Amino acid sequence: MTIGFSTTPREGEIPLVIPVIAGNGENTFAALADHDPLIKDTIARAMTVAGFQGEADRLLTLLVPVQNGLRLVTLAGIGPAETITPQSLRSFGGAIAHHLRAHKHDRADVILAPLAGIKRNLVDMALDLAMGASLSGYSFDRHKTQANAASPLDLCFCLPDARLAHEAFPRLESLMRAVWLARDLTNEPANMLSPMGFAARCREMTRNGLVVDVLDQAALKELAMEALLGVAQGSKEPPAVVVLEWKGSADAPVVLLGKGVTFDSGGLLPKGPEEMWDMKNDMAGAAAVVAVMGSLAERGVPVHAVGIIGLVENMPSGHALRPGDVVRSLSGKTIEVLHTDAEGRLVLADLITYAQQRYAPRALIDIATLTGAMTAVLGQEYAGLFSNNDSLAAQLSQAADSSGEKVWRLPLCDAFDKMLESSVADVQNITKQRMAGSATAAQFLSRFVNNVPWAHLDICGTAWRKDKDPYGVPGATGYGVLLLNDFVEQTIN
Ligand code: BES
Ligand code: MN
Ligand code: ZN
């Protein structure tokens, strides 16, 4: 997709799209009058005849005579001003792109009129629309021998401050590429993306000052990351931990940890077929971390950030962990593995310890498709946020607001902690009561955190769409890239 910004529509019979806010027709007309008085009169009349008032999701397409021919004009209702948010604008941008593609248009000019009663300025609105249009064009067709890739679309957003939008656009483009990378990695089938294959993809990201360090199986054994190694031991695929460091400032780093289970069969306690279908996505947290690290380096963001991902495949075999096995984590704490399908927390426990041993993080954030229970609680809209630190939780909530990737904070507490007491080891990896599944998983992780501001994001519901996302795209969403990026950027004072 090509996206541009201009103060006036391009010459020729290029279709126009005009977003109309409910009850804001007058402003739209005023802006149009600057472009072409003929258009203004026809449109004002057409809106009255059709009874179009800018209702959300309503489209009205007209052919309008202009100075040297005809223009196809689509009036696109956005709904009332109060309902407009960055996310609604993104979905709207996606809907416009879908509409154009469905009608076989390969280009259009989108006219943005100054809108009364809207807090968001026109430049930000143009960028939101551009982002939605671009994200809606995603499809994962790498393995289709006859790809029917979305036809390329050439959009030009017309607004008075086109230059400002143009200058701000490279940041957005970098972030969109990052979202696409996270989606591509997550959608990749597990036979095409093993732990070492994923590590190799990370190595290829060594540029723009991003330092990539791969700890292979031998290095992990040397370190004695035995909780992580325990998960990996049932698979023929060797595990890896990848450390990506971007030193854009001399401050203590923000450390991002990602769960990278390239396939989660459940191990010796396997999932049923329907639960297992999508388990290639169990590395979505790692994908988000890697993608955001690449974008921070690409843009030269002045922060010190470190991404650490734990890559393993969870498989049943004669070598696999048995229920009841005890593993010794990197921290020295022993873990009774009651359930082989509660593997993500074993991987993260060792990453949490490793991050604290190797760095003095000013914040430690892990992101993981950790518990199916998350979907029951918050569905596909909100990720679960757990934290030992109120101000870190507040910062993440603020980043959720600005990025549109929502979080909802859930509690940790001593009572949950007690449920994890094991009779044979220091801690057990599930509670036998099977209550508060997401919170007790978070509580388990907190056992490995030593006095560092820490937050855990459970993205089980938000990372993957079984059906379709708001842009009509199934599968990986890339959730977390925009959230973590905004969080990291907002730590710059
Ligand atoms: N990767 C799964 C969680 C998951 C479920 C992610 C559905 C995406 C979609 C995780 O490793 C897991 O299996 N969790 C178990 C924990 C249980 C055994 C305590 C679960 O949620 O059932
Ligand atoms: Mn599992
Ligand atoms: Zn898992």
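Remember, it's 1-based here, ligands and their atoms both numbered in the order they're listed. In this text the structure is predicted, and so the values were computed from the model without any measurement. Just the heavy atoms: all of them, side chains too, but no hydrogens, waters or symmetry mates, feed the values below.
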Inset, instruction - Could you say whether the N/O atoms of G372 and ligand 1 ever approach to under 3.5 Å? - result: yes
Legend entry - Residue, atom name and distance, where the atom is the protein heavy atom closest to atom 17 (C) of ligand 1: R434 NH2, 3.9 Å
Legend entry - N-O pairing of R328 and D426 below 4.0 Å: no
Inset, instruction - Specify the protein heavy atom at minimum distance from atom 10 (C) of ligand 1: its residue, its atom name, and the distance to 0.1 Å. - result: L370 O, 3.2 Å
Inset, instruction - With heavy atoms of T369 as the reference, note each atom of ligand 1 found under 4.0 Å away. - result: 1 (N), 2 (C), 3 (C), 6 (C)
Inset, instruction - Pull out every atom of ligand 1 sitting under 4.0 Å from any heavy atom of I430, numbered as shown with elements. - result: 19 (C)
Legend entry - Option with minimal heavy-atom separation from atom 16 (C) of ligand 1, where the choices are R345, H339, M276: R345
Legend entry - Cationic N near anionic O, under 4.0 Å, R358 to D213: yes
Legend entry - Under-4.0 Å protein heavy-atom contact, atom 22 (O) of ligand 1: no
Inset, instruction - Using distance alone, determine whether K259 and ligand 1 share an N or O pair under 3.5 Å. - result: yes
Legend entry - Lys/Arg-Asp/Glu bridge criterion (N-O < 4.0 Å) met for R142, D184: yes
Legend entry - Geometric cation-pi criterion, K280 with F263: 6.0 Å, 45°: no
Legend entry - N/O/S from E343 sitting under 2.8 Å away from the Mn ion (ligand 2): yes
Inset, instruction - Output the list of atoms in ligand 1 that are nearer than 4.0 Å to some heavy atom of K271, sorted by atom number. - result: 2 (C), 12 (C), 13 (O)
Inset, instruction - Mind telling me whether H456 and W454 have parallel, tilted or perpendicular rings, with 30° and 60° as the class edges? - result: parallel
Inset, instruction - Tell me whether the guanidinium CZ or amine NZ of R183 lies under 6.0 angstrom from the six-membered ring centre of Y138 and within 45° of its axis. - result: yes
Inset, instruction - Considering only non-hydrogen protein atoms, determine which one is nearest to atom 2 (C) of ligand 1 and report residue, atom name and distance to 0.1 Å. - result: D264 OD2, 3.5 Å
Inset, instruction - Run the salt-bridge test on R465 and E381 with the 4.0 Å N-O cut-off and return the result as yes or no. - result: yes
Legend entry - Minimum-distance N/O/S atom that D264 presents toward the Mn ion (ligand 2): OD2
Legend entry - Which residue and heavy atom of the protein sit nearest atom 12 (C) of ligand 1, plus the separation: D341 O, 3.1 Å
Legend entry - Presence of salt bridge, R447 and E421, under 4.0 angstrom: yes
Inset, instruction - Using a strict cut-off of less than 4.0 Å between a Lys/Arg side-chain nitrogen and an Asp/Glu carboxylate oxygen, indicate whether E298 and R177 qualify as a salt bridge. - result: yes
Legend entry - Short N or O distance, N281 and ligand 1, threshold 3.5 Å exclusive: no
Legend entry - Sidechain-backbone polar pair: D341 side chain, L269 backbone, donor-acceptor under 3.5 Å: no
Legend entry - Nearest neighbour in protein (non-hydrogen) for atom 9 (C) of ligand 1: M279 CE, 3.3 Å
Inset, instruction - Check the surroundings of atom CG in N451: do more than 12 heavy atoms from other residues, nucleotides or ligands lie under 6.0 Å from it? - result: no
Legend entry - Test: R171 and D486 ion pair at under 4.0 Å: yes
Legend entry - K259 N/O/S atom closer than 2.8 Å to the Zn ion (ligand 3): yes
Inset, instruction - Quick one: report the N, O or S atom of D282 that is nearest to the Zn ion (ligand 3). - result: OD2
Inset, instruction - Could you tell me which N, O or S atom of E343 is nearest to the Zn ion (ligand 3)? - result: OE2
Legend entry - Atoms of ligand 1, numbered as shown, that sit under 4.0 Å from any heavy atom of E343: 11 (O)
Inset, instruction - Would you mind checking if E489 and R299 are paired as a salt bridge, meaning a charged N to carboxylate O distance below 4.0 Å? - result: yes
Legend entry - Residue C460 vicinity, atoms of ligand 1 by number, heavy atom under 4.0 Å: 4 (C), 5 (C), 6 (C), 7 (C), 8 (C), 9 (C)
Inset, instruction - Provide the atom name of the closest N, O or S atom of D264 relative to the Zn ion (ligand 3). - result: OD2
